[in-house]
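Worksheet: the structure to be examined is printed underneath.
Computed from a predicted model, the values in this text were never measured in an experiment.
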Amino acid sequence: MDELFEHSSIKHAYFTLALPVVLSMAVTLIYNMVDTFFVAKTGNPNLVAGVSQGAPIFTLMIALGDIFGLGGSSVISRLFGEHRDKLARFVSGYCFYAPIVCGIIVTAIMVIFQTPILHLLGASPATWKYAREYYLVIAWGATFIIFGLSPTNILRTEGLAVQSMIASIVGTGINIILNPIFIFTCGLGAAGSALATVTSTVIGDILMIYYLRTKSKKLTTSIHETKINWKLQFEIYAIGIPASVTNIMATFAVALTNRYLIVHGADSVAAMGIAMKANMIINMVMIGFAFGAQPLIGYVYGAKDEKRFNKVVKFDIQVVASLAFILTIILFIFAPHIIRIFMSDPKIVKEGALMLRWLSISTTLAGIILVFTTMFQSMGKATPAFWLSFCRQGLIFGVVISISAKLFGYTGIIAAQAISDCLTFILALIFFYFYRPHFK
């Protein structure tokens with residue numbers, strides 16, 4: 001492990017850690033496309049819209065899991081860089097059990113308050129039945145979904161990126177197989193899509209526990225190695241919460257967009273749901289490389305290796321921005337063809353293509369914002385990490401969509417994310433100037 005993080009070339013270490021994550025993201029992307037494909041093949045716009053409205057709940061659970069997965073991996077990576085392995089082991093134990101408790105609480109809240117939450121997500125009388133079916137299954141699977149984000153991130157801190165990838169790919173592969181069976185063969189519709197997700201997540205979790213117990217030498221699953229002081233707990237949450245805010249704000253952005261679009265009809269909501277899934281082609285690649293590089297950035301920062309730190313961050317930006325730019329051009333050109341894969345309705349294809357172009361046009365800037373955000377997370381700089389996470393699809397997005405929808409109507413709604421990305425990019429540059437690392 002130390003050889004990879006300290007002595008390997010930047011390119012070798014970066015791609016060794018990041019490529020398995022990117023591959024996992026690619027498989028997840030395929031699942032999302034297949035999931036959208038099968039849901040769309042029901043030919044029911046209300047069902048597609050209902051799943052789109054319920055989907056932010058799944059994103060919210062991923063965000064909660066990220067508190068322990070990303071917060072814990074940030075702390076563990078820096079402790080490994082400082083060669084404080086025993087303390088890092090106890091942090092991994094804490095981050096193994098805390099999300100289980102969190103998941104149980106989330107299930108209780110979601111089941112009890114399902115009606116107001118569904119209203120908040122923008123479910124209308126036409127889509128209520130389908131949104132509720134999806135929502136309830138995901139709610140009961142909350143513990144497994146939230147838990148899974150912890151080991152998948154923590155395994156990478158010890159260089160076990162391939163094992164993390166295998167568990168993710170197996171789970172996603174099973175998801176792809178179960179989707180058409182549950183949706184069509186079993187006739188479960190929206191609930192079938194959610195049930196496939198939960199079932200495959202359970203299997204992926206079991207595999208990750210197996211790798212933690214058999215392949216890891218520095219991490220633990222023991223309940224007797226979970227006690228850490230309040231300072232370390234604070235560090236986990238100080239970084240984990242801002243990291244999770246990225247997904248929470250993504251949930252907020254989707255829900256808010258759906259609420260503005262619903263007045264234009266279920267077709268518009270369905271088109272946006274498909275466009276967002278298609279735009280995940282770029283997002284998954286960016287996330288894979290940015291988060292794949294996190295353990296390396298955290299380790300060299302903890303080791304106070306300024307030269308290597310600067311090289312890693314620069315290389316990270318070059319890779320993420322270049323790939324995002326190339327993929328943006330591809331999506332922009334082939335937008336109608338991509339939307340048509342999922343639904344052939346001319347109105348949805350036309351709307352979805354326009355939405356996809358607006359969503360993808362600013363993703364190169366979004367990629368650079370993500371690199372800065374993950375860099376701050378790896379360094380333990382909670383303030384800039386939080387504000388970048390909170391603003392892009394949260395504060396800035398909320399203000400932008402409310403103003404642009406009022407000024408430009410439908411076009412303002414679908415252009416809101418691009419405008420928000422431009423403004424947040426400026427904020428990221430300001431934060432980098434004030435919070436860039438100073439090694440002593």
Side-chain angles (χ1 to χ4, degrees), residues 1-10 12-14 16-18 20-21 65-100 147 149-167 208-240 243 291-309 312 374-382 437 439-440:
M1 171 185 158
D2 293 341
E3 176 66 28
L4 176 67
F5 284 90
E6 293 181 359
H7 304 299
S8 293
S9 69
I10 297 296
H12 174 71
Y14 181 89
T16 297
L17 291 167
V21 185
D66 279 342
I67 293 176
F68 309 100
L70 297 178
S73 64
S74 172
V75 174
I76 292 167
S77 294
R78 280 180 276 123
L79 289 172
F80 281 159
E82 297 165 6
H83 299 289
R84 300 166 71 188
D85 294 357
K86 184 176 180 181
L87 200 55
R89 182 178 179 86
F90 275 77
V91 173
S92 73
Y94 177 86
C95 290
F96 185 88
Y97 287 97
I100 296 174
F147 167 79
L149 275 294
S150 186
T152 194
N153 283 288
I154 288 173
L155 277 167
R156 296 200 295 266
T157 64
E158 200 176 342
L160 298 172
V162 172
Q163 286 74 19
S164 176
M165 174 196 72
I166 291 171
M208 282 185 280
I209 294 170
Y210 169 77
Y211 286 129
L212 274 170
R213 294 182 64 85
T214 60
K215 301 294 182 181
S216 173
K217 296 178 181 177
K218 295 186 177 184
L219 307 171
T220 185
T221 62
S222 172
I223 199 168
H224 302 294
E225 295 177 295
T226 58
K227 190 175 182 180
I228 56 175
N229 61 41
W230 67 268
K231 184 179 178 182
L232 283 174
Q233 290 182 45
F234 175 79
E235 285 189 41
I236 291 168
Y237 292 107
I239 296 303
F291 281 95
Q294 261 196 301
L296 180 60
I297 295 173
Y299 189 100
V300 295
Y301 182 77
K304 301 188 186 304
D305 189 338
E306 181 176 7
K307 184 178 179 181
R308 191 168 174 83
F309 177 89
V312 171
T374 53
M375 180 194 74
F376 290 132
Q377 290 168 1
S378 301
M379 293 164 56
K381 302 289 185 181
F439 294 89
K440 295 182 181 179

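- Rounding to the nearest 0.5 Å gives a distance of 9.5 Å between CG of L296 and OH of Y14.
- Test T220, V91, L212, T226 against F96 for side chain to side chain contact (heavy atoms under 4.5 Å, CB included) and you get one pass: L212.
- Side chains of F80 and P295 form no contact here, defined as non-hydrogen atoms less than 4.5 Å apart.
- In this view, F291 satisfies the ring pair (Phe, Tyr, Trp, His ring centres under 6.0 Å) rule with no residue, not counting sequence neighbours.
- Annotation: the span from K217 atom NZ to R89 atom CZ amounts to 12.5 Å, rounded to 0.5 Å.
- No donor-acceptor pair under 3.5 Å is formed between the side chain of S150 and the backbone N or O of F147.
- Residue E235 holds its CD atom at 8.5 Å from CG of N229, rounded to the nearest 0.5 Å.
- Just one residue in the list R78, R84, K86 forms a salt bridge (Lys or Arg N to Asp or Glu O under 4.0 Å) with E82, and that residue is R84.
- Of all non-hydrogen atoms in A161 and R156, the two that sit nearest each other are CA-CG, 3.9 Å.
- Residues P99 and L149 form no side-chain contact, since every pair of their non-hydrogen atoms from C-beta on lies 4.5 Å or further apart.
- Listed for the S74 side chain is no donor-acceptor partner under 3.5 Å among the backbone atoms of L70.
- In this structure S378 satisfies the side-chain contact (heavy atoms from CB on, under 4.5 Å) test together with Q294, I297, sequence neighbours excluded.
- A heavy-atom distance below 4.5 Å is not found between the side chains of L232 and Y94.
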Take T16 and S8 through the test side chain to side chain contact (heavy atoms under 4.5 Å, CB included) and record every step on the way to the result. CA-CA 10 Å; T16 297; S8 293; over 6 Å; no
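- Every side-chain contact (heavy atoms from CB on, under 4.5 Å) that S216 has, sequence neighbours left out, goes to E158, L160, L219.
- Between R308 and F5, every side-chain heavy-atom pair lies at or beyond the 4.5 Å cut-off.
- Side-chain contact between F309 and M379 is present, with heavy atoms from C-beta onward closer than 4.5 Å.
- Here CD1 of I209 is found 7.5 Å from OG1 of T221. Values are rounded to the nearest 0.5 Å.
- The OG1 atom of T152 sits 5.0 Å away from the CE atom of M208 when rounded to the nearest 0.5 Å.
- Between Y237 and F68, the angle of the ring planes goes over 60°, which puts this pair in the perpendicular group of the 30/60° scheme.
- In this structure, OG in S77 is found 11.5 Å from CD in Q377, a value given to the nearest 0.5 Å.
- Of all heavy-atom pairs between C95 and G72, the closest is SG-CA, 3.6 Å.
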Show your working on side chain to side chain contact (heavy atoms under 4.5 Å, CB included) between I76 and I154 and close with a plain yes or no. CA-CA 8 Å; I76 292 167; I154 288 173; 3.9 Å; yes
